[in-house]
Amino acid sequence: MLPTRQKVLRRFWYAVMPMSDLGEGPKPFTLLGEKIVLFRDAEGKPVALQDRCAHRTSRLSAGRVVNGNVACAYHGWEFNREGTCVRMPQLQDPERTGNFKIPAYHCTERYGQLWVCLGDPITDIPTIPHFGEEGWRCIHERCDVWDTAALRIIENAFDNAHFSYVHEKSFGFADRPEPAPLALRPTEWGFIMDSTVPVRNTDDLTRAVNIKSAKELDRVYEKEWLMPFSVRMTLSYANGLKHIIVAWIVPVDDKRTLFNQFVLRNDTEADSPAADVIAWDMKVTNEDRAILETTDWDVPLNTRSGEERNMPIDRPGIELRRRLLKLLQDHGEREVRRDEPGWTAAAANG
Ligand code: FES
Ligand SMILES: [Fe+2]
């Protein structure tokens, strides 16, 4: 599937960066192949416009923000939050622009994140329990672009079969490749996967979860897939700690994906310093990143195509594909692949 070619994916909200990363000036971002410019209006509210000036196509993100409007760096035309051109400095009456528009997108702030929807939203921004509640802290962990498809990252979040290999150096048992069993519960916009996974309690995990006595821990997972590509996973430990990872997986284009992750915890800095929590999750996600960047980016949704083989524990990945295929079909679309109809595995790795 090529996310940039599937129109219904433009109708979901995506968390493209923490609000704190936006700062003062305009910032570029590419969402589903669409170049956008992000900035704050006069009230500090986020704005998303097409990153292309209507005059001579210069990227507006190279400009600056003036009174809550974005001013083009080339000839200074200014555009407001609706994308309306409100000023052309060269005119005798600079405000008499004719009020034409460039495309503006839905844009808002939630959970300290900047959210954009390129189309007409078909669902709300997902609900994240405990965010902002007393007794819970939020730790921002990473926001970076990986060279892999969004679907590869989200599928990996529900893959119980890779721990002994990809995470051999962190929490996996190299000599215990049998995957922990899992159960799936469908939801309106995804599913919930329950599973209990034994993990090695290494020194750095000990610091991150504050359990010193045991060599092995049972990690109880409740992972919720948030269509199309994001995940909220609650990791519960025997000491009562809940480590809720929220990973916003944002398709930049067909080959590149933003990995934007924070964690919610019901403990304190004295229990586990944020730096140790971040270091642990960075280590684990870097292991995932390294392997995912070796995979093919044009992921087939149709599991009967024979391009990829499956085993019984791959059920979540198969369900992901089935539900995404249904989403496309429900909106009158079919799966678009890279080279239709003559696709070959050899070409896909080129
Ligand atoms: S290109 Fe933007 S004002 Fe001329
Ligand atoms: Fe992993």
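All ligand and atom numbering here is 1-based and tracks the order in the structure.
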With a 4.0 Å cut-off on N to O distance, would you call [X] and [Y] a salt bridge?
{"X": "Glu216", "Y": "Arg176", "value": "yes"}
{"X": "Asp203", "Y": "Arg207", "value": "no"}
{"X": "Glu293", "Y": "Arg152", "value": "no"}

(message) Among residues at least two apart in sequence or on other chains, which ones pass side chain to side chain donor-acceptor pair (under 3.5 Å) with Ser58?
(response)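 With neighbours one apart ignored, the set is empty.
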(request) Please identify each residue that fulfils side chain to side chain donor-acceptor pair (under 3.5 Å) with Thr108, with sequence neighbours left out. (result)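 Thr108: no side chain to side chain donor-acceptor pair (under 3.5 Å) contacts found.
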(message) Starting from Leu60 and following side-chain heavy-atom contacts under 4.5 Å between hydrophobic residues (I, L, V, M, F, W, Y), which residues can be reached?
(response)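 Members alongside Leu60: Val37, Phe39, Val47, Leu49, Val65, Val70, Trp77, Phe79, Met88, Leu91, Phe100, Ile102.
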(message) Give me the number of protein N, O or S atoms whose distance to atom 2 (Fe) of ligand 1 is under 2.8 Å.
(response)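 Atoms of protein N, O or S type lying less than 2.8 Å from atom 2 (Fe) of ligand 1 total 2.
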(request) Take the Fe ion (ligand 2) as the vertex and measure to NE2 of His167 and NE2 of His162; round to 10°. (result)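 Vertex at the Fe ion (ligand 2): approximately 100°.
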(request) Determine which of the N, O or S atoms in Asp288 is closest to the Fe ion (ligand 2) and give its atom name. (result)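 Answer by atom name: OD1.
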(message) As a test of understanding, state which of Arg321, Arg322, Arg315 forms a salt bridge (Lys or Arg N to Asp or Glu O under 4.0 Å) with Glu319.
(response)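 So the option named by the test is Arg322.
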